[in-house]
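Structure, as structure tokens:
As a basis for the values below, the full set of heavy atoms in this structure was taken, side chains included, without hydrogen atoms, waters or symmetry mates.
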Amino acid sequence: MHKNIDKKYIVGVFVYISTNKLTLMKTTLLSFICITFFSILSFAQPFAAVQTIDSNTGTDPYEFASGDLDGDGDIDLVMATYDFNGGTPAQDYIKWYKNDGSGNFTVETEISTTLQYIDGLTVADIDGQYGLDVIATSGNQDKLVYFLSNAAGGFDTEVVVDAALIGPGEVTTGDINLDGHTDIATISFSNSRTQWYSGDGTGNFTAEADIENGTGNFSLYVSLADLDGDTDLDAVVTYYGDQSIEIFYNQYIESGSTSVSWIKDTVTVDSGSTATNFLFNVTTGDVNNDGNLNIIAVDNFSGDVTWYDKVKNGTSTANAISDDSIIDRPAAAVIADINNDGENDVLLTDGGSIDDAIIWFQGANNASPSATPQLIADNNFQMYDFAVDDYDGDGDKDIASIGFSNDTVFWYENELITLGVSEFDPQEFIIYPNPAQTHISIKGDFNEAISISVLNTLGQQVMSSKVMNNQRLDISKLETGLYIIKFDNYNTTYKFVKE
């Protein structure tokens, strides 16, 4: 969610010019939200009242991620602020929140108090020790850094991966060269580069040949996913200059070599429009539940939330999820199965302060999600980022987020399992968390060990095991991507994503 803009940016009455960089001010942007009619949404999915974790995050919490940061098996949270302060950097923080496994979070010692304008934040296992590590970018200090989790249950000091970036923003991770180690990808906005760094598994990173560069179009976002189903990670790149979306395919598998190179898809996903668009969030997921990954774009100016059914080097079909009549200033989308029916749903947050704050669109098998959203929460917190995971360990997915306008971290408990209103037959199964990084659990109405097989998208078996009810299954050795669990003695399969 990049904010540092090196060229004049004018949209309606909004113009902001700083001394060195022309910066899209989040706070100013929100001042010009057009008032729309409230839509009346049904409340079919039970969520408990908001539970505040941190009521004093520091000014303007902006980036958010979740994962097992201390290696104890439950999902923790991490937050970063972006205090623009009129163009003069102020006090920014990276803070994390330890989970006891039941959704009780403790505010821990800050990870960083020196990084400024934190415009990218994610978690991944860099060195294979203790817990997930924290990776971040500074849009003001022009660097990419990480913080390793340590044996004391906290984090070590900042380690710089690259200090020569120009306006870095979104950061993401994955095993790009399929060597079993975490790699990092980020953008260098001002010189229009999308870069990646190969990791050696011990904390050392090497800058590799760019995913793309030299377009002069101001690279804005990068997202990694196996979009062509060949098991290596491809890159989705978006641009500020014309708000376009492109795919760059990783040629690691196709080349039959041990090196990574990139080829741009011959057909643009979306050509964009500078007059009416501002891509605020772009992600990937199986929106229509057909086994193939899609690209999802959230446009904060037009209000359109769109998913694209893209054929490799072929047609790109745009499909509407939401528009400004539902949320005028949408901020972020997450693809997840929120009601445990085996189909991915679409969750959406409001980056403004007028419309419904969190809504979801129910997914369907091999079809677009429902056109009618359902309400999860209604507040004016302005949620620029959020995470969906099982924070209380009960088998359904909860929601955690940040309030940009009230400097808070909070979560909503999904009471689907607690209230016993699950939509599926009790003989079926729950796979959680999903997506997952190191382990998944299988929950269902069975008391003896059952046999399962894990298949990749080509139908090849990559794992087999016997599991007990609610037992954790180690998936850490699987490559990042989409997988299918087949229950050998049941006529059913489920999908999960390994991050």
Side-chain angles (χ1 to χ4, degrees), residues 1-3 26-27 50-70 74-85 89-100 103-124 131-141 144-149 153-156 158 168-173 280-281 331-332 334 347 349-351 357-358 377 379 381-389 391 398-413 437:
M1 288 169 278
H2 196 84
K3 300 161 289 293
K26 304 163 292 184
T27 307
V50 62
Q51 299 180 58
T52 300
I53 297 170
D54 185 358
S55 59
N56 186 22
T57 59
T59 303
D60 296 348
Y62 191 68
E63 294 287 343
F64 195 61
S66 67
D68 185 4
L69 299 176
D70 54 1
D74 48 52
I75 307 300
D76 311 301
L77 304 172
V78 60
M79 174 281 314
T81 64
Y82 188 114
D83 184 3
F84 184 73
N85 193 39
Q91 178 67 68
D92 278 317
Y93 299 92
I94 299 178
K95 299 172 69 174
W96 75 287
Y97 308 91
K98 178 179 173 60
N99 186 0
D100 70 353
N104 301 307
F105 292 90
T106 304
V107 182
E108 299 293 325
T109 303
E110 293 93 347
I111 297 174
S112 172
T113 59
T114 58
L115 208 63
Q116 298 171 338
Y117 288 8
I118 302 157
D119 202 15
L121 181 75
T122 192
V123 298
L132 298 183
D133 310 300
V134 175
I135 304 128
T137 62
S138 167
N140 175 58
Q141 295 159 319
L144 167 67
V145 304
Y146 67 78
F147 305 85
L148 291 179
S149 59
F155 289 86
D156 291 338
E158 170 189 305
E170 196 77 3
V171 62
T172 188
T173 62
F280 203 74
N281 175 252
V334 169
L347 292 87
T349 63
D350 181 21
I358 312 176
N379 56 49
F381 295 167
Q382 298 174 263
M383 288 178 256
Y384 283 118
D385 206 355
F386 74 117
V388 179
D389 218 321
Y391 300 114
D398 312 300
I399 297 170
S401 188
I402 46 177
F404 178 81
S405 63
N406 62 351
D407 299 338
T408 59
V409 172
F410 49 87
W411 75 290
Y412 294 91
E413 180 187 354
Q437 294 179 327

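- Between Y82 and Y117, the ring planes are parallel. Angles under 30° get that label, and only those over 60° would be called perpendicular.
- Just one of F386, F84, Y384 meets the ring-ring contact (aromatic ring centres under 6.0 Å, His included) condition when paired with Y62; it is Y384.
- The backbone N or O of L69 lies less than 3.5 Å from a partner atom in the side chain of D76, making a donor-acceptor pair.
- Shown here for D133 and S149, the closest heavy-atom pair between the two residues is OD1-N, 2.8 Å.
- Of all heavy-atom pairs spanning P61 and M79, the tightest one is CB-SD, 3.7 Å.
- Residues passing the ring-ring contact (aromatic ring centres under 6.0 Å, His included) test with F147, sequence neighbours excluded: none.
- Annotation for I118 and A136: closest pair CG2-CB, 4.2 Å, computed over non-hydrogen atoms.
- By the 4.5 Å heavy-atom criterion applied to side chains, V78 and V123 are counted as neighbours.
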Could you give me the CA-CA distance, side-chain angles and deciding distance for W96 and V134, then say whether side chain to side chain contact (heavy atoms under 4.5 Å, CB included) is met? CA-CA 10 Å; W96 75 287; V134 175; over 6 Å; no
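- Between I399 atom CD1 and I358 atom CD1 the span is 5.0 Å, to the nearest 0.5 Å.
- Between the side chain of S401 and the backbone N or O of M383 there is no donor-acceptor pair closer than 3.5 Å.
- For the residue pair D60 and F404, the shortest heavy atom distance occurs at CB-CE1, 3.2 Å.
- With sequence neighbours excluded, the residues forming a side-chain hydrogen bond (donor to acceptor under 3.5 Å, both in side chains) with Y412 are N379, listed by chain and number.
- Shown here are the side chain to side chain contact (heavy atoms under 4.5 Å, CB included) partners of S66, two or more places apart in sequence or in another chain: I75, L77, A387, D389, Y391.
- With hydrogens and angles ignored, the 3.5 Å screen pairs no side-chain donor or acceptor of Q116 with any backbone N or O of D92.
- The two residues A90 and N85 come nearest to each other via the heavy atoms CB-ND2, 3.6 Å.
- The OG1 atom of T81 sits 6.5 Å away from atom CG of D83, with the distance rounded to the nearest 0.5 Å.
- Between P168 and L144 there is no side-chain heavy-atom pair separated by less than 4.5 Å.
- Every residue two or more places apart in sequence or in another chain was checked for a side-chain hydrogen bond (donor to acceptor under 3.5 Å, both in side chains) with D407, and none qualifies.
- One finds the CG atom of N406 at 11.0 Å from the CG atom of N56 (value rounded to the nearest 0.5 Å).
- Without hydrogens or angle criteria, S405 side chain to F381 main chain gives a donor-acceptor distance under 3.5 Å.
- Between the side chain of T137 and the backbone N or O of G169 there is at least one donor-acceptor pair closer than 3.5 Å.
- Between the CG atom in L148 and the CD atom in E158 there is a gap of 12.0 Å [rounded to 0.5 Å].
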Enumerate, atom names and distances included, each donor-acceptor pair closer than 3.5 Å involving a side-chain atom of residues 103-114, sequence neighbours excluded.
from, atom 1, to, atom 2, distance (Å)
N104, ND2, D100, OD2, 2.9
S112, OG, T114, N, 3.3
S112, OG, L115, N, 3.2

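- Nearest heavy-atom pair, Q382 versus G351, reported as atom, atom and distance to 0.1 Å: NE2-O, 3.6 Å.
- Qualifying ring-ring contact (aromatic ring centres under 6.0 Å, His included) partners for Y97, counting only residues two or more places apart in sequence or in other chains: none.
- Checking side-chain atoms of T122 against main-chain N and O of I135 turns up no donor-acceptor pair under 3.5 Å.
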